[in-house]
There are 2 protein chains.
Amino acid sequence: MPQRERLTRERVVRAAVDMADRDGVDDVSMRRLAADLDVVPMALYKHVANKAELLDGMVDQVINEIAPPQEHLPWKQAVRTRILDARQVLLRHPWARRVMESKAAPTPTALGYMDSMIAIFVAGGLSLDLTHHVMHALGSRIFGFSQELFTESAGVQPDPAMAAQLAQAFPNVVAVAQGVEHDPDSVIGPGCDDQFEFEFALDLQLDAVERLHENGWRSSVARAAGTAP
Amino acid sequence: MPQRERLTRERVVRAAVDMADRDGVDDVSMRRLAADLDVVPMALYKHVANKAELLDGMVDQVINEIAPPQEHLPWKQAVRTRILDARQVLLRHPWARRVMESKAAPTPTALGYMDSMIAIFVAGGLSLDLTHHVMHALGSRIFGFSQELFTESAGVQPDPAMAAQLAQAFPNVVAVAQGVEHDPDSVIGPGCDDQFEFEFALDLQLDAVERLHENGWRSSVARAAGTAP
DNA sequence: ACCTGAACACCGTTCAAGT
DNA sequence: ACCTGAACACCGTTCAAGT
């Protein structure tokens, strides 16, 4: 019989990413993954120490799909472009958000990504102080995650009776949801434009940061310490 | 022997919340919860349909701990105060973030909270259009979640050899992390001030929204449709 | 060095039965 | 109406053994 291809950490992680893309991350178990690779469950443990390390590897693979920053762009445009790139990558691996958000510590790969992001701000002339707070404020958005909860209930049209009940219980939610559909070419609801909402939120933050930078913003801590600008 | 107190949905959910607060949400299983309540696992299924419904109930209980909005405040202050309130509640139940973020649809309780939040913006005179986009932009922040990844590696001091290696591999991360510690009274690192970072990010967004509102901002969709202001 | 088999201590949930 | 017992189809992981 033909000898099976040797297992490697790379092959294990890649198979896990594919499986998560296909079936969702909740269905990725060491046992199912082993079956997928035509191997007994315990064989995987020679290549990843445990399931947590497997998940780390999966996230790292996703982060490595994000293109490196573009050179010679003004900082705001460089950050914007890169985050929108990251968003496209994350849309291909929707499970990655939840996995990253459940991790306590960043992997070296994630740290490297953050490092390259910080580099853009610093190269653009932002102070270390401002850059620090901006990185916190952007948070997981630098990886291209929207910060939204719930995968948008829009799109599913409730029946009329249900709709009336909703409108009575949550008048403001319904009013705001209907407000968007006033686009003349759209029937009642293609739902929200996720790309627009993402860019709106991102630009809101980046424009605000630019304004702080231009005004020479410094945190009160830095001001109290009398650090040089 | 004394008859045990009758099980109710309320009692089941409350015990689950307490257990999650104590041991973390990953350790809340139907079986452990049953043992905690001195009952056989299957007894729980008379009060919650399944584990997903239990988690819904737990999140609802947390949301209900958030105080209702304060009346007679300008919209920005009302929103700010309420979100900071929500943050305090969420700090008591740190597991709630991950549970909410893994849910596809909001419970009626979550919808009610969102509805009351939208009401503040609308009462403050913001257009439905702007309010809609702002709700998306704030995202899970309205529930008091910070959007940060990783529970802040600061606080743990790496040994000198490790520190040197870190500084070489991630110079920008290290520079920015050290930038904050220039507070004269602080030794090398009490870590970041989470409350400050949260308020910084929140104010960055709320101030930006206020500016859009004052400038009569309207989305291009609304402009194209020629909707009345 | 790499893979296997059997086992341990868990899960959520169904079903038929008890009181 | 409410709780129980036994069972099913799963988990991640350890350990000792095979090649």
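Every chain is numbered from 1, with letters handed out A, B, ... down the list of sequences.
- A donor atom on one side chain and an acceptor atom on the other are found under 3.5 Å apart for A/R82 and A/S116.
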Original post:
B/F198 and A/H136: ring pair (Phe, Tyr, Trp, His ring centres under 6.0 Å), yes or no, with the steps?
Top reply: CA-CA 8 Å; B/F198 187 89; A/H136 277 288; over 10 Å; no

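- Looking at B/H47, its side chain does come within 3.5 Å of a backbone N or O of B/L7 through a donor-acceptor pair.
- Secondary-structure stems of DNA chain C, taken as three or more successive Watson-Crick or G-U wobble pairs (i with j, i+1 with j-1) under a 3.5 Å distance threshold, comprise C:4-8 with D:12-16, C:12-16 with D:4-8.
- Atom C1' of nucleotide C/dC2 and atom CZ of A/R6 are separated by 7 Å, given to the nearest angstrom.
- Atom C1' of nucleotide D/dT13 and atom NZ of A/K46 are separated by 13 Å, given to the nearest angstrom.
- Atom CG of A/L33 is separated from atom P of C/dC3 by 13 Å (rounded to the nearest Å).
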Show each protein N/O and nucleotides 6-11 of chain D N/O combination with a separation under 3.5 Å, one pair to a line.
{"residue": "D/dC11", "atom": "OP1", "partner": "A/S29", "partner atom": "OG", "Å": "3.1"}

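- A donor atom on one side chain and an acceptor atom on the other are not found under 3.5 Å apart for B/D56 and B/T107.
- To the nearest angstrom, C1' of C/dT13 lies 12 Å from CG of B/L44.
- Counted by atom type alone, A/W95 and A/D21 present one or more donor-acceptor pairs between their side chains at under 3.5 Å.
- Here the P atom of nucleotide D/dC2 and the CZ atom of B/R9 are 15 Å apart, to the nearest Å.
- The phosphate of D/dT14 (OP1 or OP2) has no side-chain N or O of A/Y45 nearer than 4.0 angstrom.
- Atom CG of B/L55 and atom C1' of C/dG12 are 12 Å apart (whole Å).
- Note that CZ of A/F143 and CD of A/E101 are 11.0 Å apart. Values are rounded to the nearest 0.5 Å.
- At a cut-off of 3.5 Å, with distance as the only test, no side-chain donor of A/S146 or A/E197 sits close to an acceptor on the other residue.
- Atom CG of A/L130 is separated from atom CZ of A/F121 by 8.5 Å, given to the nearest 0.5 angstrom.
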